[in-house]
Amino acid sequence: MASVTERAHFEALAEQVCRAEGVDRVSLALHAEASDFLRFNRSALRQATHVLQAQATLSVVRGARRAESSLTLSGDIGHDARRLMAERLQLARDLALIPDDPWLLLPDAASSSHRQDRGALPAPATVIDAVREHAEGLDFVGFYAGGPVVRAYADSLGSRHWHRVESFDFEWCLYQAADKAVKTRYGGTAWAPTEFAARMREAAARAALLRRASRVLPPGAYRAAFSPAAMNELLGTLGWSGFGLKARRTGVSSLMKLACGDARLHPAVRLTEAPGRGITPCFTTDGFVRPAEVVLASDGNAGDTLNAPRSAREYGLPANGANATETPEALCLAPGTLPHDGLLGALGSGLYVSNLWYLNYSDRQACRMTGMTRFACFWVEDGEVVAPLDVMRFDDSFLRMFGEGLVGLGDRCELIPDGSTYQLRQLASVTTPAAVVEGWRLTL
């Protein structure tokens, strides 16, 4: 079954299945992976799993009607092709039973792309040995996922897209005591033993700081430095409703004030959807080609929206590669000028926020978010860590924080992959620098 992650297998299936016989169009989309999963607890390996799976989604179209279904592939070309062709015949029959879709929009011309990134991934034994070496004497809890992930698309117009990237994502915590722990993440396409070792040393140093007496802060406004991991949570929340065409046109976008000119972001904030900078495919499951970049905010103002095909049809605009929920899959915040290694110095005195969680909107129209600090957050004075902080709740507007409140952005970006593994590994990511903000509002 290893062939399901290879292009030749998909091409052979597409050649037999993507034939418009009795229908206007047939398309085939593939999601596949060959992943290693490693789970650690108390610095020891507790579970090791290898998953090889492939799912094909077959779609047939006649006029304004479309029917589709998904099948798990076996890796045997003859067997898979027979099942898919039988399913194609059944779907063609089903078209007579479903109504026209007034918002159906599909590509009107063939397109093609090819990306094959081999990467430099560690063998499972290498990861296990690295943890054994660098986590000795520490209470290490972690989860590693790595291996090739495939997305592919073909249709009867002649479109052929292939995307195979080898990537990994490793998240771990060094547990100190009670609710005190340091969370760290390392992901990408090329494993570097020295980088993993450096992140482990940094995490261990911060875990030792958690032994100090905690500082309790009263509610108020504080200067704060956000790590890339914390920025990922803020930007991820912004992506829920901030950039979609449908949300903008119906007035429910969290960036309505920005879009209407009633608020401005700091001129240094430049947000883009940029598939080429991450591991996201440059095509969608409907065969639309994604542009290299969609500028979502720049020079303090709102930019373009993410236009899914159905919204594009409804509002008479071109689709631009957005998914059905019009949420970013390769969101990038451009770097600034604050030295990466001098973040605490740029902060001066205030909070260092390593992680956030439980984020939601407290006032969507004002782009006001609320959530909790998590893991190793510290009080800093004159650029030096003084004490760990107890968990606090914040409530503040993203537009204020990254408008008048923005002090600066870090000069180095980190790609943070989507760590979800439910059903299959994801290829979405956020690329972001750290940031320093003035007047971050803690409520309790």
Side-chain angles (χ1 to χ4, degrees), residues 36-46 121-122 124 126-146 167-212 224-236 340-341 343-344 347 351-359 371-378 380 385 388-389 391 410 412-421 425 429-435:
D36 293 307
F37 297 101
L38 305 173
R39 191 177 299 277
F40 299 87
N41 193 13
R42 292 187 179 273
S43 305
L45 179 71
R46 305 299 179 182
L121 303 188
T126 299
V127 179
I128 296 167
D129 289 343
V131 171
R132 182 184 298 114
E133 176 183 357
H134 298 291
E136 184 178 1
L138 302 170
D139 193 346
F140 178 100
V141 180
F143 180 71
Y144 171 90
S167 65
F168 70 93
D169 184 31
F170 198 2
E171 294 184 85
W172 68 88
C173 284
L174 298 184
Y175 177 72
Q176 182 58 41
D179 63 345
K180 301 297 188 230
V182 176
K183 183 176 182 181
T184 310
R185 189 170 193 172
Y186 178 35
T189 58
W191 172 273
T194 54
E195 179 65 21
F196 176 73
R199 295 192 184 215
M200 280 293 298
R201 286 194 300 271
E202 182 180 1
R206 290 186 176 175
L209 294 172
L210 294 177
R211 300 192 188 103
R212 299 179 182 180
F226 298 100
S227 72
M231 289 294 296
N232 176 50
E233 296 296 330
L234 293 167
L235 293 171
H340 176 79
D341 296 328
L343 184 66
L344 296 186
L347 171 64
L351 293 82
Y352 172 76
V353 182
S354 62
N355 297 89
L356 296 168
W357 70 337
Y358 286 154
L359 269 66
M372 307 291 290
T373 61
R374 192 183 190 192
F375 296 116
C377 296
F378 296 99
V380 175
V385 172
L389 294 171
V391 173
R412 186 188 307 173
C413 287
E414 182 173 342
L415 186 148
I416 302 176
D418 183 342
S420 175
T421 58
R425 286 170 58 210
S429 65
V430 171
T431 302
T432 178

Answer whether the closest heavy-atom distance between the side chains of [X] and [Y] falls below 4.5 Å.
X	Y	value
Phe168	Asp36	no
Pro228	Ile416	yes
Asp139	Val141	yes
Phe143	Arg39	yes
Pro124	Thr126	no
Arg185	Asp169	yes
Thr373	Asn355	no
Lys183	Leu174	no

What's the separation between atom [atom1] in [X] and atom [atom2] in [Y], rounded to the nearest 0.5 Å?
X	Y	atom1	atom2	answer
Leu121	Thr189	CG	OG1	8.0 Å
Met372	Leu359	CE	CG	10.5 Å
Thr184	Phe196	OG1	CZ	9.0 Å
Thr432	Glu233	OG1	CD	11.5 Å

Looking only at heavy atoms, which two atoms of [X] and [Y] are closest? And how far apart?
X	Y	result
Gln176	Ala207	OE1-O, 3.2 Å
Ala225	Leu347	N-CD1, 3.7 Å
Leu415	Pro417	O-CD, 3.5 Å

Kindly state whether the ring of [X] and the ring of [Y] have centres lying under 6.0 angstrom apart.
X	Y	value
Tyr175	Phe140	no
Phe226	Tyr352	no
Phe170	Tyr144	yes

side-chain contact (heavy atoms from CB on, under 4.5 Å) partners for [X], two or more places apart:
X	value
Asp179	Val391
Leu389	Arg215, Leu217, Leu351, Trp379
Ala376	Val182, Leu210, Ser354, Phe378

>> Which residues pass the side chain to side chain donor-acceptor pair (under 3.5 Å) test with Ser167, not counting sequence neighbours?
In response: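 By the side chain to side chain donor-acceptor pair (under 3.5 Å) rule, Ser167 matches Arg425.
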
> Could you give all pairs that pass the side chain to side chain donor-acceptor pair (under 3.5 Å) test and reach residues 191-200, with sequence neighbours left out?
Replying inline: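 Qualifying pairs, neighbours excluded: Glu195-Arg199, Arg199-Glu414.
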
Got a list of side-chain donor-acceptor pairs under 3.5 Å for residues 127-138, not counting sequence neighbours?
residue: Asp129; atom: OD1; partner: Arg132; partner atom: NH1; Å: 2.6

> In this structure, are over 12 heavy atoms from other groups packed under 6.0 Å from Arg42 atom CZ?
Replying inline: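 Check fails, neighbour count at 12 or below.
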
